[in-house]
Engineer: 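Next up is a structure, given as structure tokens.
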Protein chains: 2
Amino acid sequence: MAHKATIKELAEAAGVSVTTVSQILNGKGDRFSSDTRKKVRDYQKKLNYVPNFNARNLILNNAKTIGVLVPNIGNPFFSSFIAGIQRVSREFEYLPFNFSGSNDPELENYYMKRLISRGADGMIIASSTITSETLNDTLKKNAIPYLLMDQSPLSDGDQVRTNDTLGGKLVADHLLELGHRNITIVMPENATDNILYRVKGFKAEIVAQDAQKVCHVTTIYRPLTKKGGFESAQAVVDSQATAVFAINDEMAIGLYRGLTQLGYQIPTDVSVIGYDGIDLDEYVSPALTTIQQPISRMGELATELLINRINNPRIEQQVVELPVRLIQRSSTTAPKI
Amino acid sequence: MAHKATIKELAEAAGVSVTTVSQILNGKGDRFSSDTRKKVRDYQKKLNYVPNFNARNLILNNAKTIGVLVPNIGNPFFSSFIAGIQRVSREFEYLPFNFSGSNDPELENYYMKRLISRGADGMIIASSTITSETLNDTLKKNAIPYLLMDQSPLSDGDQVRTNDTLGGKLVADHLLELGHRNITIVMPENATDNILYRVKGFKAEIVAQDAQKVCHVTTIYRPLTKKGGFESAQAVVDSQATAVFAINDEMAIGLYRGLTQLGYQIPTDVSVIGYDGIDLDEYVSPALTTIQQPISRMGELATELLINRINNPRIEQQVVELPVRLIQRSSTTAPKI
DNA sequence: TTGTACGCGTTATCAC
DNA sequence: GTGATAACGCGTACAA
């Protein structure tokens, strides 16, 4: 059981040539006698022959592999996203390899290079800190199709996106309607474009309604993590806001802890709304009001588009926009008077 | 921009032979003039040359790849575990490919086969539903080293384990000391061995202290997910327990929601203790008392042992046991009288 | 109906 | 110091 059989050995054992074996095993053996076909198949089982992937791939040059780069698998958003990718990949008989870049450009570059050297046919990049340098040098130069998440609608590659502007607007609508006039946004300093659009949509709506509803908006910058949300609590309190727009659910959940620790009640003392729609939202207390993105669908679609691009390199830019919607739960209410 | 550069092209561009390039890039180029060395390196960057893994591996025959199978990336436990794996893998210049088996034996078998056909050098299997059939047929037959998590201490392969018996005992000690005498365990029906040891350790301690403290224990079976925990709430209430031992943190968090929805307060009405020590524990309200496992260290160690096994196939069984400890937070307190 | 011979991109050997 | 060449295992045009 020491060693793997080669096609040559199989051919010898069956008393035929390697061509015969290759053709038959690859479904192109119609022209051979059913006798030979059977013989080859029998010996295959007997020797437990499995084609050497490397040798095969060296010729065919399609590894049926896609690389996936996310910033942080710990965020349930990305595990759902990956689940979607895994599902569709299997459907198309691709194998997705995913890595957590941990917001470290060097690490991302490292994984990217490995993936490419291993013949990845394409990449899904959901990592914000990827540098355009890496992109150009590593992907474009190697002619590897890729799909960027969370990036500017103006980029020229294939895209799966959600309407972040609308999402921001929905947040504003909801909070204004509840009667909030002093709102604080908690977001990261170097925000990705999609987040900037969220904020933009939000602010635009505030301005649009300003004629009737004079409103004050504060912005607090913290890292895009539970910890970041947690640590923003004091600043949120200081801002005297009656409602907080946490730019994603992770931050919102961190904020929960921070506010609670400072003795504030949600939503009685301050309303909190998140963004993403991770499944945890229903489990925290109070259940988190949020803007829901169809996360795993985003992963599925990204995979579909990418595979389509791999198979048809020359088609036009593919852009799909998925809907977002407000899920009202228990973390937002009218402000105290 | 059309295609991946080959070593041949790089050699031509630099005006040297492929041998020269290969040797220099593989650190065996001492004998070449530093002039040539620099030239080659420069052109590598310029052309962004990355060696073709397939061709390379065809000769060297070590893919430096490990496959990882987890039941559910959505559980933060496994994302931490994977983070540990990723870290050590990189240190040893291995690349880990991880897949979520979703507790589906067929799916697990599928990924296992793909990974092997792609030359994975070893596997870390943290999936409970893996069948011994798959194990024998797919791994043993191909002489692929593997490491099983969550399995019986009696298995004969390499192991990273924690002392679940002790963990269970710590839970019992804690609850008994607080004064609880009616405790309910929430756990999955087809539990893995490590979970069974948790329960065993727990019950053994109850029995051990029974002389002084007469105690009643109920067991409720639900799937090992937030949802499972959520759905156990009514049964927990019916059991009239003053404390619940949720067999992992996910279930505990689900239970939080269920109990809250039924109008019960934690820990005032009922204490809850979890198991794992995921980072979310500090963020839920009340912060969850739990038994902490050194999760990412487990991933790191698993990787170290596996790589060691790959490099030294004949060494004796490797077993490492990591410590667990009780983290007391706010979800457990003395029962109401 | 079957087999020969070449090429895929790389590394190792050995000659220059 | 440097380079030609064989070999890794497989798929396929082309011959027979």
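Computed over heavy atoms, backbone and side chain alike; hydrogens, waters and symmetry mates excluded. We name chains A, B, ... by the order of the sequence lines, and we start the count at 1 in each one.
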Engineer: Does Phe32(A) have Arg37(A) sitting over its ring (NZ/CZ under 6.0 Å from centre, angle to axis within 45°)?
Structural biologist: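 No, a cation-pi geometry is absent between Arg37(A) and Phe32(A).
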Engineer: For DNA chain C, note the earliest and the latest nucleotide, 5' to 3', having some atom under 4.0 Å of a heavy atom belonging to chain A.
Structural biologist: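 In short, chain A contacts DNA chain C from dT1(C) to dG9(C).
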Engineer: Hey, does the side chain of Thr19(B) come within less than 4.0 Å of dG3(D)'s phosphate (OP1/OP2), counting only N and O?
Structural biologist: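 Negative; the distance criterion is not met.
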Engineer: Could you report the tightest heavy-atom contact between Arg314(B) and Arg309(B), atom names first, then the distance?
Structural biologist: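 For Arg314(B) versus Arg309(B), the nearest heavy atoms are C-NH1, 4.2 Å.
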Engineer: Under 4.0 Å, counting only non-hydrogen atoms across every strand here, what does Thr20(A) touch: a base, just sugar-phosphate, or nothing?
Structural biologist: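 If one applies the 4.0 Å heavy-atom cut-off, Thr20(A) turns out to touch the sugar-phosphate alone, with no base involved.
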Engineer: How are the rings of Phe99(B) and Tyr111(B) set to each other: parallel, tilted or perpendicular (split at 30° and 60°)?
Structural biologist: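 Phe99(B) and Tyr111(B): parallel rings.
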Engineer: Search all heavy atoms of Ile66(B) against all heavy atoms of Tyr94(B) and return the closest pair with its distance.
Structural biologist: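 Shortest heavy-atom separation between Ile66(B) and Tyr94(B) comes out as CG2-CD2, 3.7 Å.
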Engineer: Search all heavy atoms of Ala126(B) against all heavy atoms of Pro71(B) and return the closest pair with its distance.
Structural biologist: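 Closest heavy-atom pair between Ala126(B) and Pro71(B): O-CD, 3.1 Å.
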Engineer: How would you list all residue pairs meeting salt bridge (charged side-chain N to carboxylate O under 4.0 Å, His left out) that involve residues 65-94 of chain B, not counting sequence neighbours?
Structural biologist: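 Residue pairs passing salt bridge (charged side-chain N to carboxylate O under 4.0 Å, His left out), neighbours aside: Glu106(A)-Arg90(B), Arg87(B)-Glu300(B).
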Engineer: Considering non-hydrogen atoms only, spot the tightest contact between Asp158(A) and Gln318(A) and give its length.
Structural biologist: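 Reported closest heavy-atom pair: OD1-N, 2.9 Å.
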Engineer: Just to be sure I understand the rule, does Gln23(A) reach a base, reach only the sugar-phosphate, or reach nothing, if contact means heavy atoms closer than 4.0 Å?
Structural biologist: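 It contacts nothing in the nucleic acid.
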Engineer: Which value, rounded to the nearest 0.5 Å, describes the distance between Thr36(B) atom OG1 and Lys38(B) atom NZ?
Structural biologist: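 Between atom OG1 of Thr36(B) and atom NZ of Lys38(B) there are 12.0 Å.
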Engineer: Could you work out how much the helix from dT1(C)-dA16(D) to dC16(C)-dG1(D) bends, comparing the axis of its first five pairs with that of its last five, to 10°?
Structural biologist: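 Inter-axis angle at the ends, rounded: 50°.
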Engineer: May I ask you to decide if the ring planes of Phe78(A) and Phe81(A) are parallel, tilted or perpendicular, using 30° and 60° as cut-offs?
Structural biologist: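 It falls in the perpendicular class, over 60°.
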Engineer: In the structure I gave you, are the side-chain heavy atoms of Ile307(A) and Asn311(A) within less than 4.5 Å of one another anywhere?
Structural biologist: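 Yes, their side chains come closer than 4.5 Å.
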Engineer: Just wondering, do Val320(B) and Gln159(B) contact through their side chains at under 4.5 Å, heavy atoms?
Structural biologist: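 Answer no - side chains too far apart.
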Engineer: Given side chains that start at C-beta, do those of Phe97(B) and Leu115(B) come closer than 4.5 Å, heavy atoms only?
Structural biologist: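 In short, these two side chains touch, coming nearer than 4.5 Å.
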Engineer: Before you tell me yes or no, could you show the steps for Asn57(A) and Asn61(A) under side-chain hydrogen bond (donor to acceptor under 3.5 Å, both in side chains), namely the whole-Å CA-CA distance, both residues' side-chain angles and the distance that decides it to 0.1 Å?
Structural biologist: CA-CA 5 Å; Asn57(A) 200 226; Asn61(A) 216 11; 5.5 Å; no
Engineer: Ignoring hydrogens and geometry, is there a side-chain-to-backbone donor-acceptor pair from Asn109(B) to Pro105(B) under 3.5 Å?
Structural biologist: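 No: the side chain of Asn109(B) does not pair with the backbone of Pro105(B).
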Engineer: At their closest point, which heavy atom of Arg41(A) faces which heavy atom of Leu25(A), and how far apart are they?
Structural biologist: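 The answer is NH2-CA, 4.2 Å.
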Engineer: Got a sec? Which of residues 111-121 of chain A come in under 4.0 Å of DNA chain D, heavy atoms?
Structural biologist: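 Result for residues 111-121 of chain A: none.
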Engineer: Scan residues 34-66 of chain B against DNA chain D and write down, sorted by residue number, each residue with any heavy atom closer than 4.0 Å; if none is found, say none.
Structural biologist: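 Heavy-atom cutoff 4.0 Å gives Thr36(B), Leu58(B), Ile59(B).
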Engineer: Mind running a 4.0 Å heavy-atom check of residues 5-17 of chain B against DNA chain C and sending the residues that fall below it, in number order?
Structural biologist: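 Close to the strand are Thr6(B), Ile7(B).
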